[in-house]
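Below is one structure, written out as structure tokens; comments come after it.
The sequence lines fix the lettering, A, B, ..., with proteins before strands; numbering per chain opens at 1. Computed from a predicted model, the values in this text were never measured in an experiment.
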Protein chains: 2
Amino acid sequence: MQQTDAARTRLRELILDGVYAPGQRLTELEAAAVLAMSRTPVREAFRALVADGLVRSAGRGVSVVELGPQALRHAYQVRGVLEGLTAELAAERQRRGEMAPAELTALERLAADAQEATAAGRLAEAVRHNRRFHGRIATLSANPVAAASLERLWDQIQVSTRRSLAAPERPDQVAAQHRRLLAAIAAGRAEEAHAAAREHVMDTCAAHERDGTEEER
Amino acid sequence: MQQTDAARTRLRELILDGVYAPGQRLTELEAAAVLAMSRTPVREAFRALVADGLVRSAGRGVSVVELGPQALRHAYQVRGVLEGLTAELAAERQRRGEMAPAELTALERLAADAQEATAAGRLAEAVRHNRRFHGRIATLSANPVAAASLERLWDQIQVSTRRSLAAPERPDQVAAQHRRLLAAIAAGRAEEAHAAAREHVMDTCAAHERDGTEEER
DNA sequence: ATTGAATACTTTGCATGCAATGGATACAGT
DNA sequence: ACTGTATCCATTGCATGCAAAGTATTCAAT
């Protein structure tokens with residue numbers, strides 16, 4: 001693999017895993033030392049990460065993004081309509097019989113896995129499964145533009161909500177919303193799928209906002 | 001201005017203006033010669049343009065994006081929900097009285113300008129005014145995430161629909177849809193604004209698809 | 001002690017050199 | 001003539017050097 005891609009991938013992992021916390025600053029020299037390469041590929045990786053919305057150019061060097069409460073809400077609003085679109089398109093494909101039955105059962109399994117991990121308290125795993133579930137719907141929408149946009153948003157949101165991983169006890173609500181979404185897609189009800197997805201996302205946003213408020217007390 | 005930013009801006013203009021046609025390939029050396037700078041800033045500009053979705057990395061060098069009919073439809077679908085969101089948020093702000101009256105009148109003027117330029121056959125000008133109109137709504141939504149995403153999409157769509165600038169005679173329909181959207185925002189009817197914006201975008205998409213089909217005959 | 005300025009240093013932006021990759025071309029063999 | 005191969009060339013990826021910009025530190029003066 002090219003060094004630039006390696007740097008981009010590795011730094012992305014470090015940021016998403018919270019090794020580099022939101023707000024933390026990085027310099028080219030520092031990152032180059034850590035990654036054992038020269039400044040050139042690091043430099044390009046920095047630019048790419050800025051484009052990905054994971055870091056911001058902060059005068060000298062770069063700092064991990066730290067979405068404030070309102071920026072986070074903006075990201076969730078966009079995510080809401082995008083997931084509404086992907087769910088709608090997936091349901092539409094199902095209605096037209098363009099979707100293989102296996103794809104639908106795979107989706108159901110992902111939802112079950114997510115619910116199980118959540119119930120068992122395996123938070124990190126639950127987050128991964130959850131993202132896979134939503135990601136699969138994006139794939140099933142057969143709209144790569146929407147899927148790519150969502151990837152970016154998920155990354156950004158994950159960085160800024162990492163601390164609130166100590167999830168509230170709303171797994172039942174999440175599971176119910178997932179089931180409603182799933183049922184709408186399986187039945188080919190595009191409009192309902194759209195609404196279910198968007199409302200689910202906005203609910204998640206509201207839950208995070210409550211967390212944030214509580215933290216500040 | 002930094003050379004990298006200069007290169008990025010200049011190349012973006014050249015692509016959006018159609019000087020570099022969709023599909024055209026560019027090499028670092030070539031662009032560096034045209035822009036009278038070394039390969040380093042050009043290289044970074046290329047990466048940025050790839051992230052902007054204006055060019056794709058094509059093995060050796062880079063080529064101007066050329067969205068196929070279905071990719072274009074995907075872009076329009078995403079644009080549809082995003083403009084639905086911005087219109088909805090703008091209407092919501094209006095309903096809450098968070099919007100200055102001057103902002104609304106400015107918006108109306110932009111719509112009138114666009115309609116006038118279209119009627120007079122000043123195509124390039126009409127496109128500019130049109131984009132400003134939609135862009136203003138995005139600004140009024142007060143959601144920078146959505147606004148930034150839309151900027152990218154507009155760029156991509158503009159590149160790939162440049163040839164079909166010889167617009168069909170649907171200016172009346174466009175004007176009517178703009179008025180409906182405007183009225184919904186002015187009245188603070190969020191849901192209707194959302195629907196009006198999304199339907200307007202999808203109509204534009206359908207119109208372009210008809211153009212494309214006709215061209216192929 | 002605090003403020004001001006001057007100096008030194010850290011860090012980035014850009015250019016250039018070098019090695020490696022990938023593709024095109026030419027040549028030979030069947 | 002066509003295919004396979006080998007060679008050559010264009011172009012990119014990465015490293016390093018140098019200059020500029022901005023920041024911190026230190027020293028002096030009030």
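- Remark: A:Arg12 engages A:Asp155 in a salt bridge, criterion side-chain N to carboxylate O under 4.0 Å.
- Sorted by residue number, the list of members of residues 46-54 of chain B with any non-hydrogen atom under 4.0 Å from DNA chain C is empty.
- Among the heavy atoms of the strands lying under 4.0 Å from B:Thr40 is at least one base atom, whether or not backbone atoms are also near.
- Which of D:dT12, D:dG17, D:dC14 sits closest to the side chain of B:Glu28 comes down to D:dT12.
- More than 12 heavy atoms of other residues, nucleotides or ligands sit less than 6.0 Å from atom CZ of A:Arg131.
- For D:dA21, the OP1/OP2 oxygens have no side-chain nitrogen or oxygen of B:Gln2 closer than 4.0 Å.
- In this structure, CG of B:Leu29 is placed 11 Å from P of D:dA10, rounded to the nearest angstrom.
- For A:Phe133, the ring pair (Phe, Tyr, Trp, His ring centres under 6.0 Å) partners at least two apart in sequence or on another chain are A:His178.
- Nearest-nucleotide assignment on DNA chain C puts the 5′-proximal partner with B:Glu44, out of B:Arg39 and B:Glu44.
- In terms of position on DNA chain D, the residue among A:Ser38 and B:Gly61 whose nearest nucleotide sits closer to the 5' end is B:Gly61.
- Note that NE2 of B:His200 is 6.5 Å distant from CZ of B:Arg79, once rounded to the nearest 0.5 Å.
- For C:dC14, the OP1/OP2 oxygens have a side-chain nitrogen or oxygen of B:Thr4 closer than 4.0 Å.
- For B:Gln77, the side-chain contact (heavy atoms from CB on, under 4.5 Å) partners at least two apart in sequence or on another chain are A:Leu85, A:Leu89, A:Asn143, B:Arg73, B:His74, B:Met202.
- Taken from CD1 in B:Ile185 to OG1 in B:Thr86, the straight-line distance is 7.5 Å, to the nearest 0.5 Å.
- The side chain of A:Arg60 lies closest to C:dT11 when the candidates are C:dT11, D:dT11, D:dC14.
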